[in-house]
Amino acid sequence: MINLTLKDGRIITVAPGSTCLDAAKSISEGLARAALAAEIDGKVVDLNTPLTQNATLSILTFQDEGGRLAYRHTGSHVLAQAVLRLFPDTKLAIGPAIKDGFYYDFDSEITFTPEILEKIEAEMRKIVAEKLNIEHFTLPKPEALALMANDPYKVELIEDLPEGEIISFYRQGEFTDLCAGPHLANTGDLKANALALLNCTGAYWRGDSSNKMLQRIYGTCFPKQAELTEHLERIEEAKKRDHRKIGRELGLFLIADEGPGFPFFLPHGMIVKNELINYWREVHRRAGYEEIGSPVMLSRTLWERSGHWGHYSKNMYATQIDEMDFAIKPMNCPGGILVYESEPRSYRDLPFRIGELGLVHRHELSGALHGLMRVRCFTQDDAHIFMTQEQITDEIKGVVSLIDEVYTLFGFKYHIELSTMPEDHLGEVETWDKAIAALKAALDELGKDYRINEGDGAFYGPKIDFHLEDCLGRTWQCGTIQLDFQLPERFEIEYVGADGEKHRPVMIHRVVFGSIERFIGILIEHFAGAFPTWLAPVQVRVMPITDRAREATEAIAAQLEAAGIRTETDLRNEKIGYKIREAQVQKIPYMLVLGDREVETGEVSVRTRTGGDQGAMPVAQFLAQIKEEIRTKA
């Protein structure tokens, strides 16, 4: 008999040759009905995988990431099968499951218009209704190449695999695809009324712009129609909140054709950026950081010494000056190290915390550029902490607390991932183990939950990443804390200890906003352009009902401006309802309306952008109210 250890520690026994589905049935019929895949000793597999030895077993449902991926990966194969049925001359590239659905890349003479997507979606429903068994099989490399001989993209993928490799395939009906899996057991396990094709875009084969442009069809699928409906509604809401659209409407930023990937901030957008920077400076002063500034361009030899040139040069912009090679900085850390070593340091100087709002440049493929979310130059709110090994845990805890304070202010929930040593890394494994243990210790002492993200650390150290969640449930990786034993060694920086001897400090690299530009894009979509009052480009618009109130309007606006409130007037000869609606469209937090009665009483009628009428109040009362709201960043 085979003993299986479940997630909750229970042990169940099954007969040799039983499948993962059989094991699920022995746990409960309800679990078996919801089961989509299984995990054996950490590897996600098909439900019909036979059990041959004692193992740790998890049955995966749609609530588990592995279960969702198996479900949606099956959706991508159904999509490819439908396309081939309708357009047999199409060549298949790749079709993975992704976070919210799946896609498949096609090489076809047919342009996949919205009308054609509807036909493909209808064919997918037919394939689901046919309840085709999904069978896994393997072939040696020569036989795999023969099977895929008419599929050039599959042949290329197979040829890249090592000699002697056993190649994995999945078959459903007449359709066979090169695939490592896992998949559902039957196309009928998908729900025909809970799948949808979303759109079609261009995508270069293997992401290389020198290759042919393919057509990428995106789709999604859920176990319930109600879940699909909810997801599609979120997509529509996300379109309304698109930061590129709102940024254009509110005059926040532009990206010119002459500078793709290089954003321009317009006056209103610059206010938002500066307010974020002012807040950043405020919290960092309180946390004991000193602000520095380093050059945008430094010599290639510096980047070689830091290791960035060897690991990142393809993403760097370089030039020559006086026959010397220079590179525009993609990161700020070497500059921070030069500041540290600019004078002798003692243990009494540590921890030494320096922050920088550094403009960095990184080469991104044109197809990856996306408004403020993916750009080629951005302001990184970097900071570097130099410390003794004994100070590591306290410093990490301090950074986590600072990041928590900032994200809480904006109403973001977040989850934490701890990323470990990548294959392409500097330094010894023992040093990495020590750094990873230090990060774990700090998170454990703070009582923070976190996930392990194996192999995704920076090349110089492990890191803690903060993935914040916006109002639509989307996640964005922004803050990061990287613990670095390597660059202090490469730059041979030192401090004099209490024993009078020289010692090597340890270094933390960390950001809170990450890219300020990207963080602004996230905030635009999170708030749908309706920034909190302290952050709003215009905080108050004052508007008269008639020309008789014009002079009082200008006087009140001047009073608000003198008190530091960003104020506009609307003196146009338009009806007051029109003026109010326009101010609401512009997401202005407060509107002050003045008519004859208000002029006579010395009050203002206060309205909010959400349509709330707060009634009449003295100007002094309103001023005190809004100043307190701005002061507390409510």
Side-chain angles (χ1 to χ4, degrees), residues 237 240-241 243 245-252 267-269 271-272 274-276 278-279 408-412 470-472 520 522-546 549-550 552-572 574-634:
E237 181 61 26
K240 295 176 188 174
R241 291 170 178 261
H243 74 284
K245 172 178 175 288
I246 293 175
R248 183 172 57 251
E249 293 168 350
L250 300 186
L252 300 174
H268 280 184
I271 290 171
V272 175
N274 284 336
E275 286 296 332
L276 284 175
N278 290 341
Y279 173 61
T408 300
L409 175 69
F410 295 103
F412 289 125
D470 68 14
C471 65
L472 295 181
I520 290 172
I522 293 168
L523 288 179
I524 291 171
E525 297 195 358
H526 181 59
F527 293 119
F531 296 109
T533 302
W534 71 274
L535 201 53
V538 179
Q539 295 164 325
V540 179
R541 183 173 285 178
V542 191
M543 52 191 76
I545 295 176
T546 68
R550 184 186 183 103
T553 296
E554 292 176 323
I556 289 170
Q559 183 180 350
L560 295 174
E561 280 285 352
I565 310 302
R566 295 188 288 273
T567 308
E568 287 182 350
T569 58
D570 186 345
L571 303 175
R572 295 173 300 166
E574 298 283 357
K575 292 182 178 180
I576 193 63
Y578 176 84
K579 293 180 181 180
I580 289 171
R581 284 191 298 275
E582 191 164 273
Q584 289 172 333
V585 168
Q586 290 295 306
K587 317 288 188 182
I588 297 170
Y590 289 100
M591 289 139 270
L592 304 186
V593 179
L594 280 79
D596 293 338
R597 185 179 64 81
E598 286 80 11
V599 171
E600 182 179 336
T601 62
E603 296 179 320
V604 288
S605 289
V606 182
R607 298 184 63 88
T608 66
R609 62 186 161 203
T610 57
D613 186 349
Q614 297 192 346
M617 65 180 71
V619 175
Q621 180 183 339
F622 171 75
L623 187 53
Q625 174 183 307
I626 192 172
K627 286 176 72 174
E628 180 64 10
E629 184 177 337
I630 292 168
R631 185 191 69 79
T632 60
K633 295 181 170 59

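- Side-chain contact between Pro532 and Lys633 is absent, with no heavy-atom pair separated by less than 4.5 Å.
- Side-chain atoms of Arg597 and Glu603, non-hydrogen and from C-beta on, do get closer than 4.5 Å to each other.
- Side chains of Tyr578 and Arg572 form a contact here, defined as non-hydrogen atoms less than 4.5 Å apart.
- Smallest separation of non-hydrogen atoms from Met543 and Ile576: CG-CD1, 3.6 Å.
- Within the 3.5 Å criterion, the main-chain N or O of His526 finds a donor-acceptor partner in the side chain of Arg241.
- Note that OG of Ser605 is 7.5 Å distant from CG of Leu594, once rounded to the nearest 0.5 Å.
- Taking each heavy atom of Arg541 and Thr569 in turn, the nearest pair found is CG-C, 4.4 Å.
- Between the side chain of Glu275 and the main chain of Val272, no donor-acceptor pair closer than 3.5 Å is present.
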- Would you please test Gln614 and Thr608 for side-chain hydrogen bond (donor to acceptor under 3.5 Å, both in side chains) and show each step? CA-CA 8 Å; Gln614 297 192 346; Thr608 66; 5.5 Å; no
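- Atom-to-atom distance recorded for Leu250:CG and Phe531:CZ is 7.0 Å, nearest 0.5 angstrom.
- For Ile580 against Met591, the heavy-atom pair with the smallest separation is O-SD, 3.7 Å.
- Using a 4.5 Å cut-off on side-chain heavy atoms (C-beta onward), Ile565 and Ile630 make contact.
- In this structure, Glu582 does not pair ionically with Lys579, as no charged nitrogen and carboxylate oxygen lie closer than 4.0 Å.
- Contact of the Leu523 side chain with the Phe412 side chain is registered, since non-hydrogen atoms from C-beta on lie closer than 4.5 Å.
- Counting only heavy atoms from C-beta outward, the side chains of Ile588 and Val540 never approach each other to under 4.5 Å.
- Of all non-hydrogen atoms in Trp534 and Ala634, the two that sit nearest each other are CD1-O, 4.4 Å.
- Heavy atoms only, all atoms of each residue included: Ala536 and Arg566 are closest at O-NH2, 2.7 Å.
- Taking the six-membered ring where the residue is Trp, Phe410 and Tyr279 present perpendicular rings, their angle passing 60° and hence far from 30°.
- Between Val619 and Gln559, some side-chain heavy-atom pair lies under the 4.5 Å cut-off.
- Considering every non-hydrogen atom in both Gly595 and Ile545, the closest pair reads CA-CD1, 3.8 Å.
- Atom CD of Glu600 sits in a sparse spot, with 12 or fewer heavy atoms from other residues, nucleotides or ligands closer than 6.0 Å.
- When side chains are defined from C-beta on, Ile520 does not count as touching His243, because their heavy atoms never get closer than 4.5 Å.
- Atom-to-atom distance recorded for Leu560:CG and Lys627:NZ is 10.5 Å, nearest 0.5 angstrom.
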